[in-house]
Peer 1: 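One structure follows; several queries about it will come next.
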Amino acid sequence: MSSFLYSLGRAMHRTRKTVIGLWILLLAMLGAGALLFSQDMDNSISIPGTESQQALDSLSATFPQVSGSSAQIIVVAPEGETVTDADMEEPVEAAVDTLSGIEHVDTATSPYDDTVSGSINDDEDAALIQVQLDGSTFEIPESTKTALQDAVADLKTELPDGAQASLGGELFSQEMPTISIVEGLGVIVALVVLILTFGSFLAAGMPLITAIVAVGASMSLILGATAFTSITSTTPMLALMLGLAVGIDYALFIISRHRDQLRDGLDVRESIARSVATAGSAVVFAGLTVIIALLGLGVAGIPFLTVMGVAAALGVGIAVIVSLTLLPALLAVSGERLRPKQKKRTLDDGTATARPNRFFLGWVRAVTKRPLVTIIGVVAVLGAASVPALGLKLALPDAGGLPEDNSARQTYDLVSEHFGEGYNGMLIVTGPIITSTDPLGLMEDLGDEIAELDGVESVPLATPNETADTGIVQVVPEHGPDSDETKALVHEIRSMHDYFLDEYDVDLAVTGFTAVGIDVSAKLGQALLPFGLLVVGLSLVLLTMVFRSIAVPIKATLGYLLSVGASFGAVTLVFGDGVFAEALGVARTGPVISFLPIILMGVLFGLAMDYEVFLVSRIREDYVHGKSARRAIETGFTSSAKVVTAAGVIMIAVFAAFVPSEDVNIKPIALGLAVGVFVDAFIVRMTLVPAVLALLGDKAWWMPRWLDRVLPSFDVEGEGLARELELAEWPAPNANLAVAADDLAVTVKGEEILRPTSVRIAPGTVHAVRADSARAVTAALLAMTGRLPGATGTLKVNGLVLPSRASAVRRSAGYLSLSTAEQPLTAVQNALAENPRLLAIDGIAHVTEPAQRDRLVAEIAQARSVADAPTIILGCGAASALDIVDDETILDDLSSRLLVSEASA
């Protein structure tokens with residue numbers, strides 16, 4: 001990967017103005033598309049397959065009057081009066097008539113209607129007007145909401161002094177989140193941190209520019225996608241929050257490496273290429289882990305959550321692409337202006353080296369001096385911080401979580417005060433009654449049975465629909481919609497399903513907004529384990545490929561679990577127990593949004609792996625380049641700790657800026673991420689990780705040989721690239737060779753198949769490789785075509801160093817074995833038709849028929865006669881290369897080009 005990214009970095013430098021222009025054009029086109037095609041956000045939540053959703057879908061067809069959204073108006077009489085007084089009743093009745101005439105209002109039920117009960121409280125000082133609409137919450141237009149608000153405003157003027165009228169209910173239970181100046185504070189903090197990190201306004205501005213471009217592109221795509229699919233308002237907020245954070249951090253990492261290399265004297269073009277190759281490799285992997293974690297949200301099987309994960313993953317992916325393309329172009333335009341002042345010290349041997357950061361050097365030495373004590377201390381502290389998470393409760397947000405000055409929140413509180421909390425979370429019990437001969441009596445009996453259950457406050461309505469084929473029972477719980485008691489009541493009614501079926505022949509189901517929330521929480525809870533296994537399992541494999549280690553990935557995952565536990569603990573303390581709730585603007589303590597755990601786990605896992613890669617890849621880079629395990633920890637840590645610190649502070653600032661948001665969905669997620677990043681970056685990655693690596697020493701980088709052979713390598717540390725740069729002028733400056741090898745050897749399970757061999761093959765020539773053993777010939781040909789990763793020695797094919805560029809070599813070099821080919825001549829013709837730069841033909845001695853040999857030689861001669869002729873290497877086994885040719889004319893024609901390279905077995 002690093003080799004490809006190195007070439008990409010050089011290409012971005014060469015075409016810098018074109019790249020910048022293309023990004024500007026692309027951003028303009030995406031923005032125009034979003035303006036033309038974007039639709040309103042859809043905050044409706046559907047959970048396919050759950051009882052509540054199936055019942056709701058059925059009601060929309062059989063009983064549409066109760067399947068749509070609803071609103072309620074509470075009227076409170078002045079002190080000493082009742083709502084049954086004439087000066088209260090007349091304005092209320094008039095308001096009901098007005099409400100009934102509003103577009104999309106199906107029915108407006110007067111509290112004085114004899115067919116309903118429970119709309120006037122026992123003290124008769126409060127009454128409820130129930131408004132049923134003909135569509136879901138997010139199908140109702142703003143004009144209808146405005147008309148309802150105007151009607152309530154008129155009602156207030158008609159009521160006597162001291163009376164109250166407040167509008168709320170399901171229709172107004174959620175507010176669309178918006179971007180405010182508060183969120184911009186995170187960007188300002190990020191700019192300050194970047195200036196302090198780089199000491200340059202130019203360098204500090206680049207991560208912000210690239211992050212804004214990435215966010216602009218992803219937000220435009222998300223808004224444009226609203227024309228084709230339903231997207232909740234929380235989706236772009238999450239994508240914005242993540243896009244800003246990772247976009248700044250990824251650019252920060254690459255720019256930091258670039259400036260370090262400029263400080264060491266590297267020229268601008270080479271520094272950009274190497275920065276993209278090394279730091280860019282870490283960015284690709286870090287972005288990949290975040291994307292995997294976000295796409296893993298689809299495991300829950302909840303459509304809106306899947307869309308949220310895909311949209312956020314899209315934002316992260318674009319941030320990676322911007323960091324690898326636009327950022328190098330900007331670095332190229334900036335040129336020498338980014339080169340920092342020299343701050344080096346001279347060693348005893350006279351060489352100059354960068355002066356290490358004394359603070360971070362002291363930090364890493366302190367945490368690794370007694371690594372076991374550090375490990376025990378960190379685990380104990382974070383374990384204690386995780387304990388409150390045991391009390392975390394989940395639910396869907398309702399009006400009770402809105403700001404206290406919100407009308408829907410005021411209505412919610414007034415209803416709770418005068419009627420009880422259960423009136424804010426009514427349940428609907430419904431089922432088909434088509435077989436009943438007495439639908440009215442049946443529904444009355446069902447209502448009476450349900451009213452006797454523990455936890456039921458009242459049953460205000462039990463009725464069939466107009467066609468008497470479906471019945472509903474409205475159930476008012478004694479407790480609030482997010483309480484454990486209401487959840488228990490839902491489960492109890494559902495547990496009586498068979499009883500109602502046997503006794504009344506009715507297939508009852510429980511639905512309504514409260515039941516939907518309970519089902520969402522349950523389904524998300526069931527998805528946590530498979531989600532965790534999928535995301536953690538895939539990322540463990542990726543980490544193993546990157547770090548070529550068993551211990552490091554396991555340590556990284558266990559550290560992540562500590563970070564998640566502490567994050568959940570902080571959310572529970574603030575939103576559940578009320579610690580610092582007022583200071584953070586938490587409107588109401590209690591359960592938090594039910595999809596918080598799965599989102600927090602997914603996002604935090606990806607971000608945790610960011611810091612793991614940024615920090616540990618630098619440590620491993622120093623280790624694989626020859627430093628001792630202990631020394632590599634110190635040099636790698638001091639080289640990357642400043643960047644990780646800046647990245648952590650920026651992430652915390654961006655997430656913390658969303659905590660004051662009034663969106664009850666984003667608020668706990670933002671706090672959890674801010675706390676999680678702080679814990680993971682500074683306690684787990686910068687404290688626990690060095691201690692564990694110090695305790696393990698060289699064992700930290702151990703991996704079984706068989707596993708090392710099986711897993712592909714990401715080469716995040718740029719080890720392969722360093723080898724390529726080292727061999728750039730080998731075997732001679734400007735050498736033009738198809739194959740160059742020194743000490744090329746192959747050993748399998750301790751058996752030496754191919755002894756050390758040196759080869760030089762000019763491009764466009766024909767060579768024959770022969771040996772005492774056919775296995776040795778095959779090994780040599782496979783190695784020269786990039787198909788034998790176990791080969792040792794120094795080997796370049798078409799200017800590409802093996803094994804790091806093996807995939808590129810395989811694309812241009814073909815290998816063909818004639819020993820198994822049914823039609824050898826056809827096989828050679830097909831291989832040559834693919835126009836390889838190099839073709840190895842093994843087992844040519846198996847072609848024994850003279851006519852076939854002649855035609856084979858003719859094909860080789862024809863291939864040699866064209867422009868850009870391929871290099872052909874013949875594997876002759878134990879036979880002499882000249883013995884395969886019988887036709888003397890063709891032999892004479894080829895003899896000047898047929899050079900024999902011997903590969904001794």
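Since this is a predicted model, take the numbers as computed values, not measurements.
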Peer 1: Using only heavy-atom distances, determine whether the side chains of Asp125 and Thr82 contain a donor-acceptor pair under 3.5 Å.
Peer 2: no

Peer 1: Between Lys393 and Asp484 (salt bridge meaning N to carboxylate O under 4.0 Å), is one present in this structure?
Peer 2: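 Counted as a salt bridge, because a side-chain N and a carboxylate O are separated by less than 4.0 Å.
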
Peer 1: Determine whether a donor-acceptor pair (N or O, by modelled atom type, separation under 3.5 Å) exists between the side chain of Thr157 and the backbone of Asp154.
Peer 2: yes

Peer 1: Any salt bridge between Arg409 and Asp413, counting N to O under 4.0 Å?
Peer 2: yes

Peer 1: Within the side chain of Ser110, is there an N or O that forms a donor-acceptor pair under 3.5 Å with the backbone of Tyr112?
Peer 2: yes

Peer 1: Say whether, by atom type as modelled, one donor and one acceptor occur between the side chain of Thr144 and the main chain of Glu103 under 3.5 angstrom.
Peer 2: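 Checked: pair present.
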
Peer 1: Between Ser386 and Ala566 (side chain of the first, backbone of the second, donor and acceptor by atom type, cut-off under 3.5 Å), is there such a pair?
Peer 2: yes

Peer 1: If you count heavy atoms of other groups shown closer than 6.0 angstrom to CZ of Phe580, is the number above 12?
Peer 2: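 Open: at most 12 neighbouring heavy atoms sit under 6.0 Å from CZ of Phe580.
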
Peer 1: Determine whether the side chains of Thr486 and Ser483 contain a donor N or O and an acceptor N or O closer than 3.5 Å.
Peer 2: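 Yes, side-chain donor-acceptor contact under 3.5 Å.
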
Peer 1: Report the distance from atom OG1 of Thr572 to atom CG of Leu392, rounding to the nearest 0.5 Å.
Peer 2: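 The distance works out to 4.0 Å.
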
Peer 1: Are more than 12 heavy atoms, taken from residues, nucleotides or ligands other than Asp502, located less than 6.0 Å from that residue's CG atom?
Peer 2: yes

Peer 1: Can you tell me if Asn406 uses its side chain to pair, donor with acceptor, with the backbone of Ala408 under 3.5 Å?
Peer 2: yes

Peer 1: Within the 3.5 Å criterion, strictly below it, is a donor on Ser416 or Asn424 matched to an acceptor on the partner's side chain?
Peer 2: yes

Peer 1: Counting N and O atoms only, with roles assigned by atom type, does the side chain of Ser521 sit under 3.5 Å from a partner on the main chain of Gly517, one being a donor and the other an acceptor?
Peer 2: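 Checked: pair present.
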
Peer 1: Under 3.5 Å, is there a donor-acceptor pair between the side chain of Asp106 and the main chain of Leu133?
Peer 2: no

Peer 1: Any donor-acceptor pair under 3.5 Å linking the side-chain atoms of Thr411 with those of Ser166?
Peer 2: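 Per modelled atom types, Ser166 and Thr411 side chains form a pair under 3.5 Å.
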
Peer 1: Return yes when atom CG of Leu528 has more than 12 non-hydrogen atoms of other residues, nucleotides or ligands closer than 6.0 Å, and no otherwise.
Peer 2: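 Yes.
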
Peer 1: State whether a side-chain donor-acceptor pair under 3.5 Å links Gln130 with Ser119.
Peer 2: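 Judged by distance alone, the side chains do not pair up.
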
Peer 1: Decide whether Glu449 and Tyr499 meet the rule of one side-chain donor and one side-chain acceptor closer than 3.5 Å.
Peer 2: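 There is such a pair (donor and acceptor under 3.5 Å, judged by atom type) between the side chains of Glu449 and Tyr499.
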
Peer 1: Are any side-chain N or O atoms of Asp507 and backbone N or O atoms of Gly431, one a donor and one an acceptor, separated by less than 3.5 Å?
Peer 2: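 Flag not set: sc Asp507 to bb Gly431 has no pair under 3.5 Å.
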
Peer 1: Are the side chain of Glu421 and the backbone N or O of Gly480 linked by a donor-acceptor pair below 3.5 Å?
Peer 2: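 Flag set: sc Glu421 to bb Gly480 pair under 3.5 Å.
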
Peer 1: Is Lys145 salt-bridged to Asp150, cutoff N-O under 4.0 Å?
Peer 2: no

Peer 1: Tell me whether Asp469 contacts the main-chain N or O of Ile434 through its side chain, where contact means a donor paired with an acceptor under 3.5 Å.
Peer 2: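 Not a single qualifying donor-acceptor pair exists.
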
